[in-house]
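The structure displayed is predicted, hence computed values, not measured ones. Quick note: residue numbers are just sequence positions, from 1.
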Amino acid sequence: MSITVRPVGYDDQPAYTRLGGEAFGAPDGGRAVPTREEWTAAGFREWGAFDGDDLAARLRVYGFTSWFHGAQVPTAGVAGVAVEPERRGSGHLARLFAAALAEARESGETISTLYPTAPGIYRGLGYEVVGSFDDVDVPLPSLGRVAAPDGVVTRRAGVADFDAVVAVHRTWAARQNGPVSRAEKPFWTPPEKFFADYTGVTLAIDERGATGPAGEVVGFASWIRGEGYTPATAVMEIDDLIALTPDAARALWRTVGSFSTVVGTARVSTSGLDPAWLVLPDLTTTVHSAHPYMLRVLDVAGALRGIESPLEGVRVPFAVRGPADLTGAWTLTVSDGVTHVEQDDVAVGDAHHERPVLTANGLALLYAGVQSAANLRFGGHLTGPDTHDAPLTALFAGRQLHVRDYF
């Protein structure tokens with residue numbers, strides 16, 4: 001069997017669409033093939049594994065930036081992965097990912113992320129679960145017990161407030177690991193469409209100027225009211241509830257809670273323990289759905305270089321054992337407040353006794369800041385001497401992993 005891996009062109013779209021429908025489901029009559037204009041305007045990159053003229057496997061890559069360690073990091077988001085059922089287990093995905101990720105690396109994308117349906121498949125390709133994008137149900141009656149905010153009020157937003165909404169998201173996202181910057185397709189939305197997508201967008205306004213100028217926008221919630229007016233069954237959806245101060249969070253939660261006479265549940269898109277949740281009187285919430293999020297480093301030096309750090313003068317030699325594109329040895333140093341990374345001419349097998357060795361999965365977990373070096377050792381993702389475990393943990397910790405956007 002001769003398999004050819006290449007970019008998918010527009011002429012391949014009927015087969016690409018059909019295979020997607022088989023993998024992810026399709027309405028009666030199948031999914032419509034996009035027009036050439038729609039396909040070109042989407043801006044993603046599609047790859048296929050072909051057996052002669054037959055499409056055996058496919059995937060799509062979105063190029064965007066996501067926030068890690070205080071910077072917008074070029075990211076290859078992989079989606080729409082599908083293999084013909086008769087060809088599963090034949091190694092097509094490994095070939096497909098190798099080609100797509102090589103292109104991503106050449107394009108300057110230093111990490112890759114995806115939402116897996118079966119995480120085990122992608123672990124062997126160097127990806128690891130670092131978080132989860134969840135829809136969490138919050139009972140609205142409990143929001144009536146949120147303490148009243150001090151000096152923060154809410155009001156409805158309009159198109160003129162779009163820049164303020166973007167500024168709040170950027171300020172919040174820059175302090176986390178993982179949020180998509182929303183600066184590129186498919187996440188950038190024109191102001192008119194952004195507001196048209198919701199029943200309402202509510203702003204939290206700092207009237208007193210406690211943290212900045214009086215009248216500053218310090219939070220927002222985007223929501224869809226949904227159908228029905230019986231609390232036992234009605235659900236409203238909250239795509240974002242982002243607050244830069246505790247009182248902003250209280251003001252937004254109380255506004256959502258004001259629907260409690262006609263809505264019983266707010267279904268909030270979130271991940272991790274967002275600080276906005278810490279003002280709630282309790283956490284009587286239920287996870288409605290969970291979507292694990294996986295990360296892979298594409299360029300070790302590119303991903304780890306330029307991270308701001310207070311650990312001046314630190315020197316950490318390390319190695320990575322994994323897929324061929326990640327296997328190697330490096331030395332990370334901190335000077336002038338940022339990290340510097342240089343590759344060393346040392347075989348990984350020889351490095352094992354003189355420097356810590358990470359698996360590709362362990363590197364992803366460490367970079368995302370979700371596991372300490374000690375925990376990576378428990379999981380078998382870090383071996384070798386432990387003399388550098390403390391600085392390894394400190395270099396990448398300090399920001400919580402948050403995922404807010406699905407692609």
Completion exercise
With sequence neighbours left out, the residues meeting side-chain contact (heavy atoms from CB on, under 4.5 Å) with T199 are W223, I224, R225

Exercise for the section: For the pair D247 and R208, find out whether any cationic side-chain nitrogen is under 4.0 Å from an anionic carboxylate oxygen. Expected result: no

Problem - Check: H388 side chain, R355 main-chain N or O, donor-acceptor pair, under 3.5 Å - result: no

Handout entry: Distance-only donor-acceptor check, side chains H340 and T333, under 3.5 Å
Key = no

Exercise for the section: Indicate whether any N or O donor in one side chain lies under 3.5 Å from an N or O acceptor in the other, for T75 and S66. Expected result: yes

Practice task
Return the set of residues passing side-chain contact (heavy atoms from CB on, under 4.5 Å) with A164 (not counting sequence neighbours), or none when no residue passes.
Solution key: V217

Exercise for the section: Could you list all the salt bridge (Lys or Arg N to Asp or Glu O under 4.0 Å) pairs where at least one residue sits in residues 251-270, not counting sequence neighbours? Expected result: D137-R267

Practice task
Looking only at non-hydrogen atoms, find the nearest pair between V130 and L401 and report the distance.
Solution key: O-CG, 3.7 Å

Fill in the blank from the handout: In terms of heavy-atom contacts, V320 and L326 come closest through CB-O, 3.4 Å

Handout entry: Where at least one partner belongs to residues 391-407, residue pairs that pass salt bridge (Lys or Arg N to Asp or Glu O under 4.0 Å), sequence neighbours excluded
Key = R182-D405, D240-R404, D274-R404

Handout entry: Summary of side chain to side chain donor-acceptor pair (under 3.5 Å) pairs that have at least one residue in residues 3-12, sequence neighbours excluded
Key = R6-D12

Fill in the blank from the handout: Residue set satisfying side-chain contact (heavy atoms from CB on, under 4.5 Å) with A303, at least two apart, ordered chain then number -> T110, I111, V297, Y367

Handout entry: For the student: nearest non-hydrogen atoms of S112 and L101, plus distance
Key = OG-CD2, 3.9 Å

Handout entry: Sidechain-backbone polar pair: S260 side chain, P141 backbone, donor-acceptor under 3.5 Å
Key = no

Problem - E312 side-chain N/O to G337 backbone N/O, donor-acceptor pair under 3.5 Å - result: yes

Completion exercise
Residues passing the ring-ring contact (aromatic ring centres under 6.0 Å, His included) test with W172, sequence neighbours excluded, are H169, H402

Exercise for the section: State whether the side chain of R105 and the backbone N or O of D299 hold a donor-acceptor pair below 3.5 Å, judged by distance alone. Expected result: no

Problem - Pair D239-S222, side-chain donor/acceptor within less than 3.5 Å - result: no

Practice task
State whether the side chain of T17 and the backbone N or O of V33 hold a donor-acceptor pair below 3.5 Å, judged by distance alone.
Solution key: no

Handout entry: By ring-ring contact (aromatic ring centres under 6.0 Å, His included) - contacts of F396 (at least two apart)
Key = H69

Handout entry: Ring centroid separation Y62 to F187 under 6.0 Å
Key = no

Practice task
Would you confirm whether E184, through its side chain, and T65, through its main-chain N or O, come within 3.5 Å as a donor-acceptor pair?
Solution key: yes

Exercise for the section: Name all residues meeting the side-chain contact (heavy atoms from CB on, under 4.5 Å) criterion together with A290; count only those two or more places apart in sequence or in a different chain, and write none if there are none. Expected result: S132, D134, V287

Handout entry: Test item: W47 side-chain N/O and V61 main-chain N/O as donor-acceptor pair under 3.5 Å
Key = no

Practice task
Could you tell me whether a side-chain N or O of E128 sits under 3.5 Å from a main-chain N or O of L295, the two making a donor and an acceptor?
Solution key: no

Exercise for the section: Scan for salt bridge (Lys or Arg N to Asp or Glu O under 4.0 Å) pairs involving residues 377-387, sequence neighbours excluded, and state none if there are none. Expected result: R377-D389

Handout entry: Results of ring-ring contact (aromatic ring centres under 6.0 Å, His included) for Y115 - residues two or more places apart only
Key = Y293, Y406, F407

Problem - Any side-chain donor near an acceptor of the partner, T154 and T255, under 3.5 Å - result: yes

Exercise for the section: Any salt bridge (Lys or Arg N to Asp or Glu O under 4.0 Å) involving residues 59-71? Give me the pairs, sequence neighbours left out, ordered by first then second residue. Expected result: E46-R60

